[in-house]
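First up is the structure itself, then whatever we jot down about it.
Computed from a predicted structure; not experimentally measured. Residue numbers start from 1 in every chain, and the chains themselves are labelled A, B, ... in the order their sequence lines are given, proteins ahead of strands.
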Amino acid sequence: MPLELHIVTPEKRIFSDLVDNVYLPGADGELGVLPMHTGLVTALKPGELRYAYHGTVQTLAIGSGFAEITQTKVVVLTDSALGEADIDEAHVEEAIKRAQEKLATVDHNLDAEEVAYLQGVISRSTAALHFKRKYRP
Amino acid sequence: MANLRDIRRRIKSVKNTAQITRAMQLVAAAKMKKAQDQALAGREYSKQLNGVLQDISESFSDATHALLEKRSGNRELVLIISTDKGLCGAINTNLAKVVRKQTSADADYVTVGRKLRVMMEKLGRTVVADFTVKDPVPFSDARAISALISKHFIAGKYDKVTVAYTRFVNTMTQVPEVVQLLPVETPTDHAEVTATNDFLFEPSPADVLSAILPLYINFRVFQALVEARASEHSARMVAMKAATDNAKKFIKELTLEYNKLRQGAITAELLEITTAMKAME
């Protein structure tokens with residue numbers, strides 16, 4: 001019995017079809033989901049998402065977000081989801097550098113919102129970079 | 001022939017107006033396409049987010065979160081999303097009507113867009129904060145707005161937060177509406193209800209809830225912003241198209257009148273010449 005997988009970002013629907021299994025980067029560590037999994041809602045941290053689709057394993061670098069898992073369905077809501085080809089290494093490195101520089105200038109006590117956002121950018125970009133280096137052809 | 005010259009001058013000025021409205025129509029059309037795409041793309045995420053929230057809401061009867069707390073008071077904060085510029089048909093007027101009808105009279109306001117902010121200030125209402133949102137709408141702008149309203153709500157300054165915006169239906173139709181933002185009410189428009197209601201939560205129910213709820217608010221604000229933006233550009237495009245069409249019709253009428261007058265003048269002149277010739281015979 002296959003599993004329904006939906007991956008959605010605020011910009012668009014990334015993927016929506018039947019798959020055999022899904023591996024998610026959960027907040028407490030990677031977690032594998034097979035059909036008939038128990039109901040689970042988990043926070044996701046930036047990392048690598050894998051799923052078996054028509055016999056091949058597909059991988060995506062996702063940002064933070066969360067996933068809802070039911071027996072027949074996995075819904076992944078995340079702020080970004082990129083394939084290996086979508087990630088431009090130089091561009092991502094530049095983004096990390098920019099975020100770090102900005103992080104050094106903002107007041108950590110006054111601008112908690114901004115700090116959280118920048119840290120989010122850094123962790124997401126770092127995860128994307130690891131992903132790119134791992135799967136680069 | 002002062003009259004002929006007058007008409008010629010009028011045709012020229014109407015032509016100029018038509019040129020301007022046509023240019024504005026083209027600009028609005030280009031922006032409209034982008035804004036509409038953005039609004040429609042966000043709906044998918046919004047639907048899934050509503051679904052998740054609805055599915056898990058039953059597990060949260062006891063684990064209350066500050067953003068879910070229902071209070072008995074009726075101090076209301078209204079987030080009004082209007083446009084910065086005019087010439088976009090009646091969408092601001094319609095939105096103002098809905099705001100007057102569906103929100104309490106002594107509410108405070110947070111505004112996006114100059115048009116309704118100016119109007120609310122004229123009416124002597126309290127505008128707590130005003131935001132400027134770039135075009136196309138960046139998600140970080142929504143984050144700043146929702147952070148402010150969540151802060152006010154949690155601090156107990158207001159018991160209810162609503163958002164008034166113009167929902168985008170299609171290029172011809174935009175519907176102004178007022179929607180409750182806080183306290184978060186479980187969405188009910190999600191059609192499929194999942195069979196399993198017992199969810200495990202990782203890392204913990206409280207953690208998951210405090211991750212989802214702010215995201216939900218952010219996203220609701222963001223979606224309202226992009227919908228309003230799509231409505232604005234659509235309304236402006238349609239208004240400018242109507243203006244261009246009217247101007248063209250006007251030019252046609254004026255040209256006809258001009259030609260009639262000119263022909264009249266020629267006929268009169270010919271008549272004079274022939275009469276003079278007849279008199280000479």
Decide if atom CG of B:Asn74 counts as having more than 12 heavy atoms of other residues, nucleotides or ligands within a radius under 6.0 Å.
no
B:Ile212 versus chain A, the contacting section by heavy-atom distance below 4.5 Å:
both
Under 4.5 Å heavy-atom distance to chain A, tell me which part of B:Ala211 shows up: side chain, backbone, both or neither.
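Neither part, no heavy atoms under 4.5 Å.
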Between B:Tyr45 and A:Pro10, what is the shortest heavy-atom contact and its length?
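Nearest pair, atom of B:Tyr45 first, then A:Pro10: CD1-N, 3.5 Å.
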If you round to the nearest 0.5 Å, how far is [atom2] of [Y] from [atom1] of [X]?
{"X": "B:Glu44", "Y": "A:Thr9", "atom1": "CD", "atom2": "OG1", "value": "10.0 Å"}
{"X": "B:Phe199", "Y": "A:Thr70", "atom1": "CZ", "atom2": "OG1", "value": "6.5 Å"}
{"X": "A:Phe66", "Y": "B:Leu209", "atom1": "CZ", "atom2": "CG", "value": "10.0 Å"}

Using atom types as modelled, flag every donor-acceptor pair under 3.5 Å from a side chain in residues 14-29 of chain A to any protein atom, sequence neighbours excluded.
{"from": "A:Ser16", "atom 1": "OG", "to": "A:His6", "atom 2": "ND1", "distance (Å)": "2.8"}
{"from": "A:Ser16", "atom 1": "OG", "to": "A:Arg13", "atom 2": "NH1", "distance (Å)": "2.4"}
{"from": "A:Asp17", "atom 1": "OD2", "to": "A:Tyr53", "atom 2": "OH", "distance (Å)": "2.6"}

Sort by residue number and list every member of residues 75-96 of chain A having a non-hydrogen atom under 4.5 Å from chain B.
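Within residues 75-96 of chain A, the residues under 4.5 Å from chain B are A:Val75, A:Leu77, A:Thr78.
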